[in-house]
2 protein chains.
Amino acid sequence: MDSIADDAGGKRARGLDRAFEILDFLRQNRRALKPNEIAAQIGAPRSSVYELVNLLLRNGILEFTGGDGRVFLGRKLYFLGAAYENHFDFTRECENALEWLAGETRETAQFCMLDGNKYMVVRVKEGARPFRIATDVGRLIPIPWTASGRLLVSHLSNEEILAFIPKSDFRLPNGEWLEPQTFLAEVRQAEKDGFFTFNSIVDSFTHCFAVPLKDESKHPVATLCLVTPRDDGLANRDHYLSCLMKAAVSLRDATRTQPS
Amino acid sequence: MDSIADDAGGKRARGLDRAFEILDFLRQNRRALKPNEIAAQIGAPRSSVYELVNLLLRNGILEFTGGDGRVFLGRKLYFLGAAYENHFDFTRECENALEWLAGETRETAQFCMLDGNKYMVVRVKEGARPFRIATDVGRLIPIPWTASGRLLVSHLSNEEILAFIPKSDFRLPNGEWLEPQTFLAEVRQAEKDGFFTFNSIVDSFTHCFAVPLKDESKHPVATLCLVTPRDDGLANRDHYLSCLMKAAVSLRDATRTQPS
DNA sequence: ATCATATGTACATTATAATGGACATTGACG
DNA sequence: CGTCAATGTCCATTATAATGTACATATGAT
């Protein structure tokens, strides 16, 4: 009942929450929208959305773009994001690690994190294969659908995990139901191993590898992954895993917060 | 009386404005701060700041970091900024242009924009000189202090410019007073020429070159600049200018919004 | 010990922000 | 033409958010 937003029943929503709901909605749609569309799709009062959008426009958080009064995320957000990136300076090292991984394995390498209670690919370096496996940076995916998901919640207790992940996210895209207990067992195993690999459950031809990146308090904050064709993944399993481990170690220091 | 925030007299500030004031303040300080410090330094009621900070923490807009209850910009902002960057996909091209400029001239090349009513270096590529001229990415500088400043306000009328730029920004760092009329004349000349160059008025040893990048409605949205030692700048003036022009043309398409 | 300062929490008050309409405009479509 | 849906603006109402204040605790100086 926290993280994103809770559209409970009859209470008024707070402006700030609504505002960030709007921003997140635009991010996920990845295109400019009219205030009216936004209001309709997030189920908020039109008058409220218009008011907030105007407020955000005045602050440069949103910008008119695409014509017809459509708005999208604004320059100010880019500046703020850049400041974050600059402070927690993992980007350069991360890019290097992905580069090295993709070069070493010729597979698609990814840097992934949680966004709220969803999994998200933050950065990707495509492999050098003729048929590359594409992934969408920034798209939100249910945690149980991914190998990384097993690692990214491993600091939570079983109860916390079940409370954290929406029940419906255990329904796989093919309609099958992933038993939460199965998922929890895999989380615990992954936590013990320090990695997780499996034949992807969202398609029939990929194998996924993931290793965690932990912060100073040993909480997983991100993962490095490889997405490979199944046969390659199985054939090179040991090599790929050791590559991931090596990359993770090289990133360990970079992901840390530098105090003061 | 818009853009950033107006700490007028006795009215209550709006939460959203206050919130983004906090975010901007953190960005400019470039380090984690305690809510108490923030409140003191931006002149806001402590109780309000605590409330907002907690709200922002819950949304991932702010994060605890640095210990002692200090907070800094959060991961969510990075995601939002990345979405902006991805949508207005100028970054890759921009990086290329700066790379090329720095290589061609061996001088420091910059990509600059306005942030509210201040000038800001967004990206920089240091030149290959033994003594490089350093600049701070993200620091806010009064518009009249910079060559780019002449270009970035050129779409405004004289009256609008004077209303837009705080009076105190015409006071140069050495204490001298830059006559606004002089500045306006330079703006109009720069607009006509399509570039602006001068011996920097913030130090005694650099020469600056700037050319505008315009959007589809011919408004300048950014500049490309070179910062050079004075003698080099004067000696290579024509070459440097033509490089900048060339780079600007190559970026022209990339900075445009791609509709739908 | 005594005082001052920095820091976080709790709560009542009241200015106001979020909301639900009403209203106006436009364009598509029969 | 009339009708409907989409879009934007305006405004009164009331739930609540922003604030001031008091309180609690640590820390350090005197």
Side-chain angles (χ1 to χ4, degrees), chain A residues 1-2 4-26 29 31-59 61-72 74 259-260, chain B residues 1-2 4-26 29 31-59 61-72 74 259-260:
Chain A
M1 72 180 200
D2 56 335
I4 306 286
D6 48 330
D7 269 358
K11 317 293 290 180
R12 288 189 181 184
R14 180 145 192 177
L16 245 181
D17 289 329
R18 206 66 109 176
F20 284 109
E21 198 181 349
I22 291 172
L23 298 183
D24 240 16
F25 185 72
L26 286 170
N29 276 68
R31 62 197 184 88
L33 293 172
K34 299 183 190 183
N36 208 38
E37 299 179 83
I38 299 175
Q41 298 204 47
I42 69 176
R46 291 192 309 128
S47 49
S48 304
V49 172
Y50 274 103
E51 219 238 354
L52 287 170
V53 164
N54 284 326
L55 212 52
L56 294 169
L57 282 169
R58 277 202 285 111
N59 285 34
I61 311 298
L62 289 180
E63 286 174 11
F64 279 120
T65 180
D68 274 330
R70 264 182 278 263
V71 297
F72 194 67
S260 110
Chain B
M1 69 179 201
D2 59 334
I4 308 288
D6 49 329
D7 268 357
K11 316 293 291 180
R12 288 189 181 183
R14 181 145 193 176
L16 243 179
D17 289 329
R18 206 68 108 177
F20 283 109
E21 198 182 350
I22 292 171
L23 298 184
D24 240 16
F25 185 73
L26 286 170
N29 276 66
R31 64 200 182 86
L33 294 170
K34 299 185 191 183
N36 208 36
E37 301 179 83
I38 299 175
Q41 299 204 46
I42 69 176
R46 292 194 308 130
S47 49
S48 303
V49 172
Y50 273 102
E51 218 239 355
L52 287 170
V53 164
N54 284 325
L55 210 54
L56 294 169
L57 283 169
R58 278 201 284 110
N59 285 34
I61 311 296
L62 288 180
E63 285 175 14
F64 279 120
T65 181
D68 275 330
R70 265 182 277 263
V71 297
F72 194 66
S260 111

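Chain letters run A, B, ... following the sequence lines, proteins first and then strands; every chain starts at 1.
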- Over how many whole Å does the gap from A:L16 atom CG to D:dT16 atom P extend? 16 Å
- Message: Measure CD/B:E37 against P/C:dA6 and give the value in whole Å, please.
- Response: 10 Å
- Message: According to side chain to side chain donor-acceptor pair (under 3.5 Å), who are the partners of A:E51, at least two apart in sequence or on a separate chain?
- Response: B:R14
- Query: Can you tell if the side chain of B:L55 reaches within under 4.5 Å of the side chain of B:I61, non-hydrogen atoms only?
  - Reply: no
- A:P45 side chain, from C-beta outward: closest of D:dG8, C:dG8, C:dG20: C:dG20
- Roughly how many Å is it from CG in B:L52 to C1' in D:dT16, rounded to a whole number? 14 Å
- Query: Separation of B:D17 atom CG from D:dA17 atom P, in whole Å?
  - Reply: 16 Å
- Task: Using a 4.0 Å cut-off on protein heavy atoms (strictly under), produce a 5'-to-3' string for nucleotides 9-15 of chain D with B for base contact, S for backbone-only sugar-phosphate contact, and - for none.
- Result: BB---BB
- For A:L33 and D:dA6, give me the distance from atom CG to atom C1', rounded to whole Å. 15 Å
- Item | Distance-minimising heavy-atom pair for A:P35 and A:V49 | O-CG1, 3.6 Å
- Under the side chain to side chain contact (heavy atoms under 4.5 Å, CB included) test, residues paired with A:F25 that sit two or more places apart: A:N29, A:L33, A:I38, A:Q41, A:I42
- Given atom CZ of B:R18 and atom C1' of D:dT19, what is their separation to the nearest angstrom? 9 Å
- Protein-nucleotide distance (B:R58, atom CZ; D:dA17, atom C1'), rounded to Å: 13 Å
- Value rounded to 0.5 Å, distance of CG in A:L56 from CD1 in A:I22: 6.5 Å
- Upstream residue (5' side of DNA chain D) when A:G15 and A:N36 are each assigned their closest nucleotide: A:N36
- Nucleotide D:dA26, atom C1' - distance to NZ of B:K34 in whole Å: 11 Å
- Item | Nearest-0.5 Å distance, CZ of residue A:R58 to CG of residue B:L16 | 10.0 Å
